[in-house]
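Written out below as structure tokens is the structure these notes cover.
Bear in mind that the values here come from a model prediction, so they are computed numbers and not experimental data. The chains referred to below are lettered A, B, ... by the order of the sequence lines, with proteins before strands, and numbering in each begins at 1.
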Protein chains: 2
Amino acid sequence: MSGRPPDADSSGPVDPTDVDADQALVRGEDPPSRREPLSRERIVDSAVDYIDAHGLPSLTMRRLGQELGVEAMALYRYVPGREDLLDAVAGSVINEMEHDDEVVDQPHDGWQDFLQRLAHGVRRVALRHPKVFPLVASRPPEAPWLRPPLRSLDWVETFLAGLHAAGFSDRAAVSAYRSFTGFLLGHLLLEVANLGADLGPLDVIEDAEEPSPRELSAGYTHVARLRGMLSEDHAAEEFEEALEELLDRIALMLQLDARADEGPASP
Amino acid sequence: MSGRPPDADSSGPVDPTDVDADQALVRGEDPPSRREPLSRERIVDSAVDYIDAHGLPSLTMRRLGQELGVEAMALYRYVPGREDLLDAVAGSVINEMEHDDEVVDQPHDGWQDFLQRLAHGVRRVALRHPKVFPLVASRPPEAPWLRPPLRSLDWVETFLAGLHAAGFSDRAAVSAYRSFTGFLLGHLLLEVANLGADLGPLDVIEDAEEPSPRELSAGYTHVARLRGMLSEDHAAEEFEEALEELLDRIALMLQLDARADEGPASP
DNA sequence: ACCTGAACACCGTTCAAGT
DNA sequence: ACCTGAACACCGTTCAAGT
């Protein structure tokens with residue numbers, strides 16, 4: 001079965017004297033007067049849903065229009081084009097963290113807790129939208145001082161303000177921002193890739209491509225032997241461990257930074 | 001200027017009695033008999049060059065055919081389709097490391113040196129092909145036990161065999177493989193993204209999208225203040241530092257692993 | 001004000017036909 | 001054996017026209 005949505009017209013005869021509106025009613029669509037009007041937000045949300053369900057390559061302006069009960073051309077009143085829509089999609093999912101109660105705006109229990117919550121918030125977004133996350137990860141951000149996956153002004157501000165309030169120097173906060181984003185990007189992209197994220201619906205995969213055991217044992221002795229171990233999914237524990245280590249490293253950097261601030265004349 | 005290649009026919013009158021071959025000669029093309037035959041390798045190499053030059057979105061089967069002096073349909077004798085071609089492209093650039101003399105097959109100076117060389121080899125690939133690297137990073141690998149960016153059986157085997165030879169236990173080698181890939185993916189993807197990697201030719205960017213300073217100062221006080229510092233490019237040093245830290249972590253893990261092997265009955 | 005029809009310049013891919 | 005022409009079912013996007 002392909003990703004194409006089923007054609008609702010194909011089941012049963014339709015009186016050809018019906019006017020368009022009546023045919024629409026037969027098909028179960030709301031008449032134009034009753035359906036809520038299009039808006040940029042509704043379009044972006046619908047695009048997120050569509051990618052979650054069918055994968056990025058399946059999202060076309062025409063199919064998205066169909067999803068919204070509208071012709072593709074109508075979308076262009078609210079969105080400049082497909083590329084901008086994808087940017088908006090990436091921004092939208094990362095901003096879902098705004099409604100995540102575990103994620104806080106201000107450190108109230110130390111910066112480590114603050115960053116822990118933030119990291120887990122991003123991870124929840126990635127796992128909720130595994131097919132959208134590669135977009136968050138690899139679309140070029142709108143400014144060189146935004147780095148994926150924290151690719152919105154709001155969250156970078158929250159990050160920096162939080163660390164500032166926790167006593168970080170500017171230098172230390174920026175340094176932490178860099179290592180934090182690198183950490184999130186690597187771990188979460190691997191995690192969603194392992195989920196088979198990139199491609200569309202799973203119907204194409206057919207997992208028939210795996211190298212045969214015969215092929216493997218010829219030369220790839222280590223891979224063959226460790227196959228099982230390599231396939232084990234330890235994403236969650238790995239994430240926790242690596243996050244702890246990252247926080248330790250930041251704490252260390254913080255000490256060095258503070259010492260440098262006291263003045264370079266110390267023993 | 002768009003990415004579309006210029007039409008060579010458009011400059012000057014052409015005698016309509018010329019046969020196709022002569023017109024081809026006028027255009028400076030080799031006659032079919034003289035040009036070297038198509039091959040999967042030539043197609044993949046050409047695709048890499050094309051993406052390097054014009055970006056992934058600009059690569060179409062038709063334009064790639066044109067680049068090779070052939071109609072698009074001819075490509076399908078050597079490549080099953082566009083998606084498979086992109087997989088081959090990702091595999092091809094990562095395998096460029098085969099010809100990188102700094103990268104070694106066997107650890108001859110300790111595993112740390114071995115991993116240092118491997119990491120820098122992958123980084124050189126990423127910097128040589130910044131527009132291809134997102135493909136290496138986010139295409140789902142052909143088996144669940146291959147993780148980007150080390151997405152080829154050959155390199156995973158080299159990695160595992162190398163650490164094995166250096167005395168790593170299976171468990172330790174697999175654990176190192178996981179953290180190594182996570183590290184590379186995060187850092188290199190950020191680095192190429194910062195280079196403006198994803199999109200096509202630079203002619204579309206026009207850097208007109210940056211939020212205005214006025215907009216910034218309203219609410220985004222920390223981002224505004226740290227703008228300059230955030231834009232600084234420390235990719236190279238960051239990579240070295242983070243790599244050192246990763247190797248330290250692996251060394252630590254190695255000790256714990258060895259101790260666990262001696263038997264859990266130790267004091 | 002909001003949406004659609006028709007059109008344009010593209011796509012990927014198949015397959016019978018040419019050399 | 002290797003490539004092409006013609007065709008099919010799609011794309012994104014524009015714009016005049018409809019309600």
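Salt bridge annotation for Arg62(A)-Glu71(A): absent, with no cationic side-chain nitrogen under 4.0 angstrom from a carboxylate oxygen. Salt-bridge formation is not detected for the pair Arg227(B)/Glu232(B): no Lys NZ or Arg NE/NH1/NH2 atom is positioned less than 4.0 Å from an Asp or Glu carboxylate oxygen.
Checking dC11(C), dC11(D), dT13(D) against the side-chain heavy atoms of Arg63(B) singles out dC11(C) as nearest. Side chain of Met73(B), nearest nucleotide from dG12(D), dT14(C), dC3(C): dT14(C). The side chain of Arg62(A) lies closest to dG12(D) when the candidates are dG12(D), dC3(D), dG12(C). For Val70(A), whose side chain is taken as the heavy atoms from C-beta onward, the closest listed nucleotide among dC2(D), dT13(D), dT4(C) is dT4(C).
Taking atom CE of Met61(B) as the reference point, atom P of dC11(C) lies 12 Å away to the nearest angstrom. With rounding to whole Å, Arg82(A) atom CZ is found 18 Å from dC10(C) atom P. As rounded to whole Å, 14 Å separates atom C1' of dT4(D) from atom OH of Tyr76(B). Taking atom CZ on Arg40(A) and atom C1' on dC2(C), their separation rounds to 18 Å, with Å as the unit. When the C1' atom of dT13(C) is taken as reference, atom CD of Glu83(B) falls 13 Å away, rounded to whole Å. Leu64(A) places its CG atom 13 Å from the P atom of dC3(C), with the value rounded to the nearest Å. The nearest whole Å value for the distance from the CD atom in Glu71(B) to the P atom in dG12(C) is 13 Å. For the pair Ile43(B) CD1 and dC2(D) P, the computed distance is 12 Å after rounding to whole Å.
Atom CD of Glu98(B) sits in a crowded spot, with more than 12 heavy atoms from other residues, nucleotides or ligands closer than 6.0 Å.
In this structure, the side chain of Arg139(B) engages the main chain of Glu83(B) through a donor-acceptor pair within 3.5 Å.
Judged as a side-chain contact (heavy atoms from CB on, under 4.5 Å), and not counting sequence neighbours, the contacts of Ala119(A) are Phe180(A), Leu184(A), Phe239(A), Leu243(A). Not counting sequence neighbours, the partners of Thr181(A) by the side-chain hydrogen bond (donor to acceptor under 3.5 Å, both in side chains) test are Arg147(A). Partners of Ser152(B) under the side-chain contact (heavy atoms from CB on, under 4.5 Å) rule, at least two apart in sequence or in another chain, are Ile94(B), Asn95(B), Asp154(B), Trp155(B). In this structure, the side-chain hydrogen bond (donor to acceptor under 3.5 Å, both in side chains) partners of Glu96(B), at least two apart in sequence or on a different chain, are Arg128(B), His129(B).
Both Leu59(A) and Leu75(B) lie near DNA chain D, and the one whose nearest nucleotide falls closer to the 5' end is Leu75(B).
Listed pair Tyr78(A) / dC3(C) meets the phosphate criterion, a side-chain N or O lying under 4.0 Å from OP1 or OP2.
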Distances under 3.5 Å between protein N/O atoms and the N/O atoms of nucleotides 16-19 of chain C, please, pair by pair.
none

Side chain to side chain contact (heavy atoms under 4.5 Å, CB included) for Leu185(B) and Leu188(B)? Distances and angles first, verdict last.
CA-CA 6 Å; Leu185(B) 200 60; Leu188(B) 296 183; over 6 Å; no
Intra- and interstrand pairs of DNA chain D - dot-bracket, Watson-Crick/G-U under 3.5 Å, | marks other strand:
||.|||||...|||||.||
